[in-house]
Amino acid sequence: MPLRRVGPFRLIVRSALVQVNERSIRALMRNATDVAAVVSPAGILLYASDAAAQVLGYTPEQLVGRALIDHAHPDERADVERRMAARMAEPDGSAGTAIFRFRHADGRWRWLEATAHNQLDEPSIKGLVLNIRDVTTQLDTANRLRASESRYQSLAESAPVGIFQTDAAGRIVFANARFALIAGLPLPRLLGEGWLDAVHPEDRAKVAAEWTQGLDDETAGRPNTPLLLDFRFRATGTMTDMPVLCQRVRMAEGGFTGTITDVSEYVHTVKALAASRARTEAILGAAADAILTIDDSGMIHNFNRAAEAMFGVSSGDAMWRPVDSLLPQACLREEDGQPVAFAPGQTTAVIARSRAAEVRRADGSVFPVEISVSASEVEGRRLYTGIIRDVTERQRIEREIIAAKEAAEATDRAKSIFVATMSHELRTPLNAVIGFAQLMEMKMHDPRALERCIEYATSIRMSGEQLLAIIDDILDMARVEAGRLELSEQPLDLSVVLAQAASQMDFQASRIPVTVAIQLAPDLPPVRGDDRRLCQALCNLLSNAIKFSPVSGTVIVSAGVAADGWLEIAVRDTGIGLEPNDIPKAMTAFVQLDQSMTRRFEGLGLGLPLCRRLVEAHGGVLTLDSRPGEGCTATIRLPASRILTLDEFLAGV
């Protein structure tokens, strides 16, 4: 390049009082990163330094001789022309800076910053000297920074939490509108340490102390530890105290940034949930029925106290274990195996009510229950809740009620039969009394009938005694049922009591005829008891034995001390006998195994029941041992405490 083309630089160098040659100037231009150029008053490039190739993508030769405006963005050409004209109109030596877009050789638009010096009066230049540099990167960075700041500002103002920034001393230098709303203070009052005025008085000292923690971590070389605070802002107006959560972290450039979150709704929800859970647990704990919840896989999720007592297993041992160890999983599921379909908006449904099942305790015992089952869905997961009621006692009561009902019905039938039977039993001796009395009236004046009248009188007496015995049995049973039976106890010689009973049964035995034999142990001891009641019991046993014995049969009465020390009196016959299943019926009052009016054997059905009650009144027991066709053995057992020594017997007599 000729030296005359670089005349402007000679001027610059002279103004700086530095003497350089053309070669030095070229070296400076070659190493410069900014473009140096000269533009004529007509806007034609007269000179461009070598940096043009790097900054603009054109070599100096490609630029020199062309109008600068040709490379400017169409939207900015008018502004560029205006600025160039204004600069040329300024005094010589004045300077100004402008930024415009220039089309790079690769076709992209680049932002250029051009500083123009008016050198029109310099004879060797006569134009504008431009210093041009590419500021595209700086502008892009600045634009991104402004966009980032704008986004940050928008986010900060629209965020649902309070956002703040502090300096290194912890004083707030920025706060968003949400922070002011939560604190109940205007924004200016939040800055610095003014926000502490909104903190609840009871929490202020704690917050102030903890707020200063970590402020010197950076200078002390300690790691950055985030600060987490929970406190309350005091109530404003009609509002209640507002619980908040504060989080603060250190920024790399210094200071801190953080958030203030209103957690009042969360706290309210947590309290409501805790109250609801407490109510639920109280209900479950107080429930008398076992309540448990399982999921689709049969794992137990809930197990109340009643379930612990019912199954004999603690809640801790039952939770998160399969329910099959206690009851079949099917008992808590749909019967058809298909999940029940919920109606729109419905989350629970009843699957079964009072479903009968058998469950197992921890000890392996099985017992009956009734189960009511409901299903619910929580976030797509189905749970089954069963209310289990132990019906063992209820079933027992039901059985007892049924048995009592049947017994009452049987008693009612027995009493009806008893009335009919008693009518027959009473009429028989009464008819004999009346009949023989009428015969005596007819024969009274006939001397030859005197002997017959004596027989009639005997029959009347015997019929009266039979009638009296029936009435006595009825009255004694009534006394026993009413609990008014009293014993007149005294020392007894059993051999005398047995002989007396056998003597009273002589007439009945002679009518069949049946032989009554008494077999006593040689060491039969005396006893303490009521001789009349024991004789009455023996007479009832003998009466039954004689009545059911065959003609010419034998009834054996034996007495002795058993191996266990109890006294036993047995009455054994060889009659028709009983079915073992009929023995309990025979011991029931007013019940006869043959209940037809034309039965073969007479009686009210009071003999054995009355005998049992009389024996029990002495602390003993009455047992029957019988087989059909093998006769029957009735045994009276008196406790050893009723046996007397000979000295005790003599002293008592």
_Any heavy-atom pair between the side chains of S374 and T348 that's under 4.5 Å?_
no
*Crowded around R361 CZ? As in, over 12 foreign heavy atoms under 6.0 Å?*
yes
*List in chain and number order the residues that pass ring-ring contact (aromatic ring centres under 6.0 Å, His included) with H301, two or more places apart in sequence or in another chain; answer none if no residue qualifies.*
W320
_Over all atoms of both residues, closest heavy-atom pair of I99 and L139_ = CG2-CD1, 4.1 Å
*Report yes if some heavy atom in the side chain of H73 is under 4.5 Å from a heavy atom in the side chain of F100; otherwise report no.*
no
*Would you say T166 and R171 make side-chain contact, with heavy atoms under 4.5 Å?*
no
_Rounded distance (nearest 0.5 Å) linking atom SG of C331 with atom CD of E370_ = 12.5 Å
*Under the criterion ring pair (Phe, Tyr, Trp, His ring centres under 6.0 Å), which of F256, F164, F231 is the partner of W211?*
F164
*So do the side chains of V173 and Q165 get within less than 4.5 Å of each other, counting heavy atoms only?*
yes
_As a quick check of understanding, evaluate side chain to side chain contact (heavy atoms under 4.5 Å, CB included) for L326 and V359, giving each step before the final call._
CA-CA 6 Å; L326 302 177; V359 299; 5.9 Å; no
*From CG (L185) to CG (L191), nearest 0.5 Å*: 11.0 Å
*Would one find more than 12 heavy atoms of other residues, nucleotides or ligands at under 6.0 Å from atom CZ of R204?*
yes
*Is D203 salt-bridged to K206, going by a charged N under 4.0 Å from an acidic O?*
no
*Please confirm whether the backbone N or O of R87 pairs with a side-chain atom of N118, one donor and one acceptor, at under 3.5 Å?*
yes
_Heavy-atom check, side chain of I283 versus side chain of I291, under 4.5 Å_ = no
*Chi angles and distances behind the side chain to side chain contact (heavy atoms under 4.5 Å, CB included) call for T259, Q247*: CA-CA 5 Å; T259 60; Q247 294 175 287; 3.8 Å; yes
*asked:* Is there a side chain to side chain contact (heavy atoms under 4.5 Å, CB included) between V267 and V270? Walk through the geometry before answering.
replied: CA-CA 5 Å; V267 171; V270 169; 5.6 Å; no
*Lys/Arg N to Asp/Glu carboxylate O, R77 vs E81, below 4.0 Å*: no
*If every non-hydrogen atom of A183 is compared with every non-hydrogen atom of A198, which pair is closest and at what distance?*
O-CB, 3.3 Å
*asked:* For R133, is there an ion pair with E113 - N to carboxylate O distance below 4.0 angstrom?
replied: yes
*How far apart are the closest heavy atoms of N302 and I300, and which atoms are they?*
O-CG2, 3.5 Å
_I'd like to know if the side chain of T136 reaches the main chain of W111, judged simply by a donor and an acceptor atom lying under 3.5 Å from each other, with no hydrogens or angles considered._
yes
_T59 backbone acceptor or donor facing Q62 side chain under 3.5 Å_ = yes
*State plainly whether the residues D106 and R108 are in salt-bridge range, i.e. N to O under 4.0 Å.*
yes
*Look only at the side chain of S276 and the backbone of A272, and say whether a donor-acceptor pair between them is shorter than 3.5 Å.*
no
*Would you find more than 12 non-hydrogen atoms of other residues, nucleotides or ligands less than 6.0 Å from Q138 atom CD?*
yes
_Within the supplied structure, the quantity of interest is the number of heavy atoms (other residues, nucleotides, ligands) at a distance under 6.0 Å from D140 CG; does it exceed 12?_
yes
*About how many Å separate CG of L229 and CD of E210, when rounded to the nearest 0.5 Å?*
5.0 Å
*Checking D289 side chain against I387 main chain: does a donor-acceptor pair fall under 3.5 Å?*
no
*asked:* Just verifying a value: how many Å separate E358 CD and F367 CZ, rounded to the nearest 0.5 Å?
replied: 10.0 Å
_Would you say CZ of R82 has more than 12 non-hydrogen atoms from neighbouring residues, nucleotides or ligands within 6.0 angstrom?_
yes
*Going through the distances and angles, do Y384 and V323 end up as a side chain to side chain contact (heavy atoms under 4.5 Å, CB included)?*
CA-CA 12 Å; Y384 298 88; V323 74; over 6 Å; no
*Would you say the side-chain atoms of E76 pair up with the backbone N or O of R101, donor to acceptor, closer than 3.5 Å?*
yes
*Quick one: pull up OG1 in T257 and CZ in R250 and give me the separation to the nearest 0.5 Å.*
13.0 Å
*Does the side chain of L112 come within less than 4.5 Å of D134's, by heavy atoms?*
yes
_Give me the atom names and distance for the closest heavy-atom approach of G162 to R178._
N-CG, 3.6 Å
*Answer yes or no: are there more than 12 heavy-atom neighbours, outside R396 itself, under 6.0 Å from its atom CZ?*
yes
_Nearest atoms (heavy-atom pairs only) where D34 meets S49_ = O-OG, 3.9 Å
*Answer yes or no: is there a donor N or O on one side and an acceptor on the other, between the side chain of R333 and the main chain of D296, under 3.5 Å?*
yes
*How close do N176 and V161 get, heavy atom to heavy atom, and via which atoms?*
ND2-O, 3.1 Å
_Side chain R110, main chain L56, donor-acceptor under 3.5 Å_ = no
*Atom CD of Q119 and atom OG of S94: how far apart are they, to the nearest 0.5 Å?*
9.0 Å
*Taking side chain as C-beta onward, heavy atoms only, is R355 less than 4.5 Å from S372?*
no
*Side chains of W195 and V207 in contact at under 4.5 Å (non-hydrogen atoms)*: yes
*Aromatic rings F102 and Y58: how do their planes relate, parallel, tilted or perpendicular, breaks at 30° and 60°?*
perpendicular
